[in-house]
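First the structure, in the form of C-alpha coordinates, and then the observations on it.
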Amino acid sequence: MKPDRPVHDEERELMQLFDATADKPSGPTLTKLSARAADVPARVKRRPRWRSLLFWAPGMAAAVAALVFVLSPSLKHSRAGAVASSPTHPALVARVPEKLAKVPAAPATPAAPVATEGSDSADLAAAFDDSDATATAAISLDPLYGPSQDDDLDAWLYATNSVLKTGG
Amino acid sequence: MSTSFPTPLSLALPAQACEKGPALSVEHELVARALDGDGRAFASLVEPHLSMLYRIAARACGSSALAEDAVQEALTVAYQRLDRYQPGTSLKAFLAAIAVRKAHTLLRGERRRRVREEVADTPEHPAGPGELLDAERTRARIREVLSSLPKKRREVAMLRLDAGMSYNEIAKAVGSTEGSARVLVHLALKELREKLGEVVATGEQES
(Lines give C-alpha, C1' and ligand atoms only; values in the text may rest on other atoms or scores of the structure.)
Protein backbone atom coordinates (compact mmCIF):
# COMPACT_ATOMS: atom_id res chain seq x y z
CA MET A 1 0.00 0.00 0.00
CA LYS A 2 1.51 3.30 -1.04
CA PRO A 3 0.73 6.53 0.76
CA ASP A 4 -0.21 9.46 -1.42
CA ARG A 5 2.86 11.45 -0.44
CA PRO A 6 6.52 11.04 -1.30
CA VAL A 7 8.43 9.31 1.44
CA HIS A 8 11.99 9.52 2.65
CA ASP A 9 14.48 6.76 1.97
CA GLU A 10 14.41 5.50 5.54
CA GLU A 11 10.65 5.36 5.48
CA ARG A 12 10.74 3.64 2.11
CA GLU A 13 12.97 0.91 3.51
CA LEU A 14 10.59 0.25 6.35
CA MET A 15 7.69 0.32 3.92
CA GLN A 16 9.39 -2.28 1.74
CA LEU A 17 10.01 -4.46 4.77
CA PHE A 18 6.37 -4.18 5.85
CA ASP A 19 5.16 -4.84 2.31
CA ALA A 20 7.39 -7.90 2.01
CA THR A 21 6.16 -9.36 5.29
CA ALA A 22 2.49 -8.42 4.97
CA ASP A 23 -0.19 -11.08 4.81
CA LYS A 24 -2.32 -10.32 1.79
CA PRO A 25 -5.75 -11.90 1.74
CA SER A 26 -6.41 -14.35 -1.05
CA GLY A 27 -9.45 -14.06 -3.32
CA PRO A 28 -11.48 -16.63 -1.39
CA THR A 29 -10.57 -14.93 1.87
CA LEU A 30 -11.78 -11.58 0.55
CA THR A 31 -15.00 -13.21 -0.63
CA LYS A 32 -15.48 -14.75 2.79
CA LEU A 33 -14.85 -11.43 4.51
CA SER A 34 -17.32 -9.67 2.19
CA ALA A 35 -19.96 -12.27 3.01
CA ARG A 36 -19.29 -11.82 6.70
CA ALA A 37 -19.54 -8.05 6.31
CA ALA A 38 -22.95 -8.47 4.72
CA ASP A 39 -24.00 -10.55 7.73
CA VAL A 40 -22.99 -7.95 10.27
CA PRO A 41 -26.16 -5.79 10.27
CA ALA A 42 -28.34 -8.86 10.83
CA ARG A 43 -26.18 -10.16 13.67
CA VAL A 44 -25.56 -6.87 15.38
CA LYS A 45 -28.37 -4.82 16.75
CA ARG A 46 -27.14 -1.29 16.95
CA ARG A 47 -28.08 0.46 20.15
CA PRO A 48 -29.27 4.02 19.74
CA ARG A 49 -26.84 6.44 21.30
CA TRP A 50 -29.43 7.84 23.68
CA ARG A 51 -29.79 4.40 25.22
CA SER A 52 -26.15 4.27 26.19
CA LEU A 53 -26.55 7.79 27.56
CA LEU A 54 -29.51 6.55 29.57
CA PHE A 55 -27.29 3.83 30.95
CA TRP A 56 -24.35 6.01 31.84
CA ALA A 57 -26.01 9.30 32.77
CA PRO A 58 -27.37 8.29 36.23
CA GLY A 59 -24.08 6.76 37.22
CA MET A 60 -22.13 9.75 36.00
CA ALA A 61 -24.48 12.15 37.77
CA ALA A 62 -24.12 10.21 41.02
CA ALA A 63 -20.34 10.14 40.69
CA VAL A 64 -20.17 13.89 40.01
CA ALA A 65 -22.48 14.62 42.94
CA ALA A 66 -20.36 12.48 45.25
CA LEU A 67 -17.21 14.22 44.05
CA VAL A 68 -18.73 17.66 44.60
CA PHE A 69 -19.94 16.59 48.04
CA VAL A 70 -16.48 15.36 49.01
CA LEU A 71 -14.62 18.31 47.55
CA SER A 72 -16.94 21.14 48.62
CA PRO A 73 -15.70 21.45 52.26
CA SER A 74 -12.09 21.51 51.17
CA LEU A 75 -12.92 23.95 48.36
CA LYS A 76 -14.68 26.26 50.83
CA HIS A 77 -11.77 25.94 53.20
CA SER A 78 -9.21 26.81 50.55
CA ARG A 79 -11.35 29.71 49.32
CA ALA A 80 -11.59 31.07 52.84
CA GLY A 81 -7.84 30.70 53.16
CA ALA A 82 -7.32 32.58 49.96
CA VAL A 83 -9.60 35.37 51.17
CA ALA A 84 -7.79 35.53 54.50
CA SER A 85 -4.45 35.86 52.79
CA SER A 86 -5.71 38.73 50.68
CA PRO A 87 -5.15 41.97 52.66
CA THR A 88 -7.32 44.06 50.38
CA HIS A 89 -10.48 41.98 50.68
CA PRO A 90 -13.15 44.37 52.04
CA ALA A 91 -14.97 41.78 54.11
CA LEU A 92 -11.79 40.87 55.91
CA VAL A 93 -10.78 44.47 56.51
CA ALA A 94 -14.15 45.11 58.11
CA ARG A 95 -13.78 42.15 60.46
CA VAL A 96 -10.27 42.90 61.70
CA PRO A 97 -10.37 44.16 65.28
CA GLU A 98 -9.02 47.61 65.83
CA LYS A 99 -6.31 46.44 68.24
CA LEU A 100 -4.99 44.04 65.71
CA ALA A 101 -5.25 46.62 63.02
CA LYS A 102 -2.97 48.96 65.00
CA VAL A 103 -0.19 46.41 65.38
CA PRO A 104 2.75 47.57 63.28
CA ALA A 105 3.41 45.52 60.26
CA ALA A 106 6.26 43.03 60.34
CA PRO A 107 9.48 44.33 58.82
CA ALA A 108 9.69 43.65 55.17
CA THR A 109 11.87 40.79 54.06
CA PRO A 110 15.20 41.90 52.71
CA ALA A 111 15.16 42.50 49.02
CA ALA A 112 16.98 40.22 46.64
CA PRO A 113 20.62 41.16 46.28
CA VAL A 114 21.11 43.77 43.63
CA ALA A 115 23.36 42.68 40.87
CA THR A 116 26.66 44.40 41.18
CA GLU A 117 28.50 45.88 38.31
CA GLY A 118 30.38 43.22 36.46
CA SER A 119 28.03 40.43 37.45
CA ASP A 120 26.97 38.67 34.30
CA SER A 121 24.15 36.45 33.21
CA ALA A 122 25.92 33.58 34.95
CA ASP A 123 25.04 35.24 38.23
CA LEU A 124 21.39 35.08 37.37
CA ALA A 125 21.24 31.44 38.28
CA ALA A 126 22.94 32.19 41.60
CA ALA A 127 20.33 34.84 42.30
CA PHE A 128 17.62 32.27 41.78
CA ASP A 129 19.34 29.90 44.19
CA ASP A 130 18.23 32.13 47.06
CA SER A 131 14.63 32.08 45.99
CA ASP A 132 12.16 29.31 46.67
CA ALA A 133 11.55 26.21 44.64
CA THR A 134 8.68 27.70 42.68
CA ALA A 135 10.90 30.37 41.21
CA THR A 136 13.34 27.71 40.04
CA ALA A 137 10.50 25.71 38.53
CA ALA A 138 9.29 28.82 36.76
CA ILE A 139 12.41 29.03 34.65
CA SER A 140 12.51 25.35 33.71
CA LEU A 141 13.33 25.04 30.02
CA ASP A 142 12.09 21.45 29.70
CA PRO A 143 8.83 22.37 27.93
CA LEU A 144 10.83 23.98 25.13
CA TYR A 145 12.25 20.59 24.16
CA GLY A 146 8.85 19.02 23.58
CA PRO A 147 6.26 17.14 25.60
CA SER A 148 7.20 14.12 27.66
CA GLN A 149 4.05 12.25 26.55
CA ASP A 150 2.83 11.62 23.01
CA ASP A 151 -0.67 12.60 24.12
CA ASP A 152 0.52 16.13 24.91
CA LEU A 153 1.79 16.78 21.38
CA ASP A 154 -1.31 18.67 20.27
CA ALA A 155 -1.21 21.08 23.17
CA TRP A 156 2.52 21.56 22.84
CA LEU A 157 2.36 22.27 19.11
CA TYR A 158 -0.54 24.68 19.65
CA ALA A 159 1.38 26.52 22.37
CA THR A 160 4.58 26.81 20.34
CA ASN A 161 2.65 27.94 17.27
CA SER A 162 0.80 30.62 19.20
CA VAL A 163 4.03 31.88 20.73
CA LEU A 164 5.71 32.01 17.34
CA LYS A 165 2.73 33.82 15.80
CA THR A 166 2.69 36.48 18.50
CA GLY A 167 6.44 36.88 18.12
CA GLY A 168 6.97 36.21 21.82
CA MET B 1 -31.42 -10.01 3.39
CA SER B 2 -28.32 -10.36 5.43
CA THR B 3 -27.12 -13.77 4.38
CA SER B 4 -27.21 -13.05 0.67
CA PHE B 5 -23.94 -12.56 -1.12
CA PRO B 6 -22.85 -8.93 -1.42
CA THR B 7 -23.32 -7.53 -4.87
CA PRO B 8 -21.08 -4.99 -6.54
CA LEU B 9 -21.83 -1.36 -5.85
CA SER B 10 -23.38 -0.74 -9.26
CA LEU B 11 -25.89 -3.56 -8.72
CA ALA B 12 -26.56 -2.80 -5.08
CA LEU B 13 -27.70 0.71 -5.86
CA PRO B 14 -30.57 1.93 -7.96
CA ALA B 15 -29.49 2.95 -11.44
CA GLN B 16 -30.59 6.53 -10.83
CA ALA B 17 -28.29 6.86 -7.84
CA CYS B 18 -25.33 5.69 -9.90
CA GLU B 19 -26.15 8.06 -12.74
CA LYS B 20 -26.25 11.02 -10.39
CA GLY B 21 -22.54 10.56 -10.04
CA PRO B 22 -21.44 12.31 -6.85
CA ALA B 23 -19.66 9.75 -4.74
CA LEU B 24 -20.73 11.59 -1.64
CA SER B 25 -24.44 11.05 -2.24
CA VAL B 26 -23.81 7.39 -3.06
CA GLU B 27 -21.85 6.94 0.14
CA HIS B 28 -24.49 8.84 2.06
CA GLU B 29 -27.18 6.55 0.73
CA LEU B 30 -25.14 3.44 1.45
CA VAL B 31 -24.57 4.56 5.01
CA ALA B 32 -28.26 5.30 5.46
CA ARG B 33 -29.22 1.92 4.06
CA ALA B 34 -26.64 0.13 6.19
CA LEU B 35 -27.96 1.89 9.27
CA ASP B 36 -31.40 0.57 8.32
CA GLY B 37 -29.98 -2.95 8.41
CA ASP B 38 -29.10 -3.48 4.75
CA GLY B 39 -26.20 -5.94 4.78
CA ARG B 40 -25.38 -5.50 1.10
CA ALA B 41 -25.03 -1.76 1.55
CA PHE B 42 -22.68 -2.25 4.48
CA ALA B 43 -20.62 -4.78 2.53
CA SER B 44 -20.41 -2.36 -0.42
CA LEU B 45 -19.14 0.33 1.93
CA VAL B 46 -16.38 -1.74 3.52
CA GLU B 47 -15.36 -3.95 0.57
CA PRO B 48 -12.68 -1.58 -0.79
CA HIS B 49 -11.01 -1.54 2.62
CA LEU B 50 -11.07 -5.24 3.50
CA SER B 51 -7.50 -5.86 2.32
CA MET B 52 -6.22 -3.06 4.50
CA LEU B 53 -8.19 -4.32 7.52
CA TYR B 54 -6.94 -7.86 6.98
CA ARG B 55 -3.35 -6.72 6.65
CA ILE B 56 -3.45 -4.77 9.92
CA ALA B 57 -5.14 -7.66 11.72
CA ALA B 58 -2.69 -10.23 10.36
CA ARG B 59 0.22 -8.03 11.32
CA ALA B 60 -1.05 -7.89 14.87
CA CYS B 61 -1.97 -11.52 15.43
CA GLY B 62 0.28 -13.39 13.01
CA SER B 63 -2.31 -15.96 12.03
CA SER B 64 -4.66 -15.91 9.06
CA ALA B 65 -7.51 -17.59 10.92
CA LEU B 66 -7.24 -15.16 13.80
CA ALA B 67 -6.92 -12.27 11.35
CA GLU B 68 -10.23 -13.17 9.70
CA ASP B 69 -11.94 -13.23 13.08
CA ALA B 70 -10.29 -9.94 14.00
CA VAL B 71 -11.53 -8.32 10.78
CA GLN B 72 -15.02 -9.55 11.51
CA GLU B 73 -14.86 -8.09 15.01
CA ALA B 74 -13.58 -4.80 13.61
CA LEU B 75 -16.46 -4.74 11.13
CA THR B 76 -18.90 -5.39 13.95
CA VAL B 77 -17.53 -2.44 15.90
CA ALA B 78 -17.56 -0.32 12.75
CA TYR B 79 -21.24 -1.10 12.21
CA GLN B 80 -22.09 -0.30 15.81
CA ARG B 81 -20.41 3.08 15.42
CA LEU B 82 -21.52 3.75 11.88
CA ASP B 83 -23.88 6.52 12.97
CA ARG B 84 -20.82 8.50 14.10
CA TYR B 85 -19.29 8.36 10.63
CA GLN B 86 -19.93 11.42 8.49
CA PRO B 87 -20.17 10.60 4.78
CA GLY B 88 -17.63 12.61 2.85
CA THR B 89 -14.93 12.20 5.46
CA SER B 90 -12.48 9.33 5.14
CA LEU B 91 -14.15 5.96 5.63
CA LYS B 92 -10.70 4.42 5.36
CA ALA B 93 -9.54 6.43 8.36
CA PHE B 94 -12.72 5.54 10.26
CA LEU B 95 -12.21 1.81 9.67
CA ALA B 96 -8.44 1.89 10.15
CA ALA B 97 -8.83 3.59 13.52
CA ILE B 98 -11.01 0.71 14.68
CA ALA B 99 -8.61 -1.85 13.19
CA VAL B 100 -5.50 -0.48 14.90
CA ARG B 101 -7.29 -0.39 18.24
CA LYS B 102 -8.27 -3.99 17.72
CA ALA B 103 -4.66 -4.69 16.78
CA HIS B 104 -3.58 -3.11 20.05
CA THR B 105 -5.61 -5.72 21.95
CA LEU B 106 -4.21 -8.50 19.78
CA LEU B 107 -0.63 -7.34 20.23
CA ARG B 108 -1.08 -7.21 23.98
CA GLY B 109 -2.21 -10.83 23.77
CA GLU B 110 0.82 -11.57 21.62
CA ARG B 111 3.10 -10.09 24.24
CA ARG B 112 1.51 -12.21 26.98
CA ARG B 113 1.81 -15.29 24.78
CA ARG B 114 5.48 -14.60 24.12
CA VAL B 115 6.16 -14.32 27.84
CA ARG B 116 4.47 -17.68 28.39
CA GLU B 117 6.52 -19.24 25.61
CA GLU B 118 9.74 -17.87 27.00
CA VAL B 119 8.86 -19.39 30.34
CA ALA B 120 7.98 -22.72 28.76
CA ASP B 121 11.09 -22.52 26.55
CA THR B 122 9.38 -24.11 23.58
CA PRO B 123 10.21 -23.29 19.95
CA GLU B 124 7.83 -20.73 18.50
CA HIS B 125 7.40 -22.41 15.13
CA PRO B 126 8.00 -25.91 13.89
CA ALA B 127 11.00 -26.35 11.66
CA GLY B 128 10.25 -25.84 7.99
CA PRO B 129 11.86 -24.72 4.76
CA GLY B 130 14.51 -22.12 5.48
CA GLU B 131 13.00 -19.18 3.63
CA LEU B 132 9.57 -19.62 5.14
CA LEU B 133 11.08 -19.88 8.56
CA ASP B 134 13.12 -16.73 8.01
CA ALA B 135 10.07 -14.81 6.78
CA GLU B 136 8.07 -15.99 9.76
CA ARG B 137 10.88 -15.00 12.10
CA THR B 138 10.96 -11.55 10.52
CA ARG B 139 7.20 -11.19 10.97
CA ALA B 140 7.48 -12.30 14.58
CA ARG B 141 10.30 -9.82 15.16
CA ILE B 142 8.23 -6.99 13.65
CA ARG B 143 5.27 -7.95 15.86
CA GLU B 144 7.55 -8.01 18.87
CA VAL B 145 8.94 -4.56 18.12
CA LEU B 146 5.49 -3.16 17.36
CA SER B 147 4.13 -4.47 20.64
CA SER B 148 6.98 -2.75 22.47
CA LEU B 149 6.13 0.70 21.05
CA PRO B 150 3.92 3.13 22.98
CA LYS B 151 0.29 2.80 21.96
CA LYS B 152 -0.01 5.93 19.82
CA ARG B 153 3.28 5.35 18.04
CA ARG B 154 2.29 1.77 17.28
CA GLU B 155 -1.03 2.94 15.88
CA VAL B 156 0.46 5.55 13.58
CA ALA B 157 3.23 3.19 12.46
CA MET B 158 0.67 0.60 11.37
CA LEU B 159 -1.53 3.22 9.76
CA ARG B 160 1.42 4.54 7.79
CA LEU B 161 3.20 1.32 6.87
CA ASP B 162 0.38 -1.22 6.65
CA ALA B 163 -2.61 0.93 5.76
CA GLY B 164 -0.53 3.29 3.60
CA MET B 165 -2.36 6.33 4.88
CA SER B 166 -1.41 9.98 4.43
CA TYR B 167 -0.67 12.20 7.42
CA ASN B 168 -4.06 13.84 7.08
CA GLU B 169 -5.84 10.48 7.21
CA ILE B 170 -3.70 9.34 10.12
CA ALA B 171 -4.58 12.52 11.98
CA LYS B 172 -8.28 11.82 11.46
CA ALA B 173 -7.89 8.19 12.48
CA VAL B 174 -6.14 8.94 15.76
CA GLY B 175 -8.10 12.13 16.48
CA SER B 176 -5.17 14.49 16.25
CA THR B 177 -3.84 17.34 14.15
CA GLU B 178 -1.80 16.75 11.03
CA GLY B 179 1.24 18.32 12.66
CA SER B 180 1.03 15.95 15.60
CA ALA B 181 0.53 13.03 13.26
CA ARG B 182 3.70 13.97 11.38
CA VAL B 183 5.71 14.17 14.59
CA LEU B 184 4.27 10.90 15.89
CA VAL B 185 4.97 9.08 12.62
CA HIS B 186 8.50 10.42 12.61
CA LEU B 187 9.12 9.26 16.18
CA ALA B 188 7.48 5.88 15.56
CA LEU B 189 9.47 5.17 12.40
CA LYS B 190 12.67 6.30 14.04
CA GLU B 191 12.10 3.91 16.93
CA LEU B 192 11.09 1.12 14.56
CA ARG B 193 14.19 1.61 12.49
CA GLU B 194 16.42 1.56 15.53
CA LYS B 195 14.89 -1.62 16.83
CA LEU B 196 14.53 -3.32 13.46
CA GLY B 197 17.94 -2.25 12.22
CA GLU B 198 19.31 -5.73 11.64
CA VAL B 199 16.10 -6.89 9.90
CA VAL B 200 16.05 -3.86 7.59
CA ALA B 201 19.71 -4.41 6.74
CA THR B 202 19.07 -8.08 5.97
CA GLY B 203 16.13 -7.17 3.74
CA GLU B 204 18.29 -4.69 1.83
CA GLN B 205 20.99 -7.27 1.26
CA GLU B 206 18.47 -9.81 0.01
CA SER B 207 16.84 -7.32 -2.34
Side-chain angles (χ1 to χ4, degrees), chain A residues 1-52 146-162 164, chain B residues 1-6 34-35 37-40 42-43 46-47 50-55 58-59 64 67-68 71-72 75-76 78-80 82-84 135 138-139 142 150-153 160-167 176-177 179-180 183-184 187 189-190 192-193 196 199-200 203-204 207:
Chain A
M1 300 214 175
K2 302 275 187 293
D4 51 5
R5 294 182 66 85
V7 291
H8 301 295
D9 285 343
E10 292 188 346
E11 188 176 340
R12 189 174 293 119
E13 286 166 7
L14 276 175
M15 215 165 263
Q16 283 168 356
L17 177 68
F18 270 62
D19 277 340
T21 55
D23 280 329
K24 294 161 187 89
S26 60
T29 305
L30 276 178
T31 307
K32 197 196 298 183
L33 290 175
S34 295
R36 287 186 182 183
D39 270 347
V40 168
R43 277 192 307 102
V44 182
K45 295 296 172 200
R46 285 190 326 101
R47 267 193 320 190
R49 292 178 81 176
W50 60 265
R51 279 184 65 185
S52 58
S148 56
Q149 298 288 326
D150 291 343
D151 294 334
D152 300 334
L153 264 173
D154 279 333
W156 183 76
L157 283 174
Y158 179 78
T160 48
N161 281 338
S162 61
L164 288 174
Chain B
M1 173 192 69
S2 57
T3 52
S4 60
F5 191 77
L35 286 173
D38 187 340
R40 285 187 303 172
F42 183 66
V46 299
E47 249 173 27
L50 285 177
S51 291
M52 178 266 294
L53 292 175
Y54 181 87
R55 181 169 163 169
R59 172 79 63 204
S64 56
E68 286 176 23
V71 170
Q72 189 171 352
L75 289 174
T76 303
Y79 183 70
Q80 285 170 332
L82 192 59
D83 55 346
R84 298 179 201 180
T138 306
R139 286 193 194 107
I142 291 174
K151 186 183 170 203
K152 268 206 166 179
R153 289 187 195 183
R160 183 72 176 168
L161 298 173
D162 273 326
M165 289 168 70
S166 66
Y167 294 116
S176 173
T177 61
S180 284
V183 176
L184 270 175
L187 294 173
L189 298 192
K190 189 178 163 199
L192 265 181
R193 193 166 167 78
L196 284 173
V199 181
V200 175
E204 281 169 11
S207 61

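In this text the structure is predicted, and so the values were computed from the model without any measurement. Every chain is numbered from 1 and lettered A, B, ... according to where its sequence line falls, protein lines coming before strand lines.
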Can you tell me if B/S180 uses its side chain to pair, donor with acceptor, with the backbone of B/S176 under 3.5 Å?
no

Chain A interface, residue from B/L187, B/L50, B/V46 that has the most non-hydrogen pairs under 4.5 Å
B/L50

What residue in B/K152, B/R153, B/E68 has the most heavy-atom pairs under 4.5 Å with chain A?
B/E68

Would you call A/D19-A/R12 a salt bridge at under 4.0 Å N-O?
no

Side chain, backbone, both or neither: which part of B/L75 has an atom under 4.5 Å from a heavy atom of chain A?
both

So, are B/R193 and A/E11 salt-bridged, with charged N and O less than 4.0 Å apart?
no

Heavy atoms only, distances under 4.5 angstrom: which of A/T21, A/L33, A/L14 has the most pairs with chain B? Name it, please.
A/T21

Under a 3.5 Å cutoff, is there a donor and acceptor pairing between the side chains of A/S34 and A/T31?
no

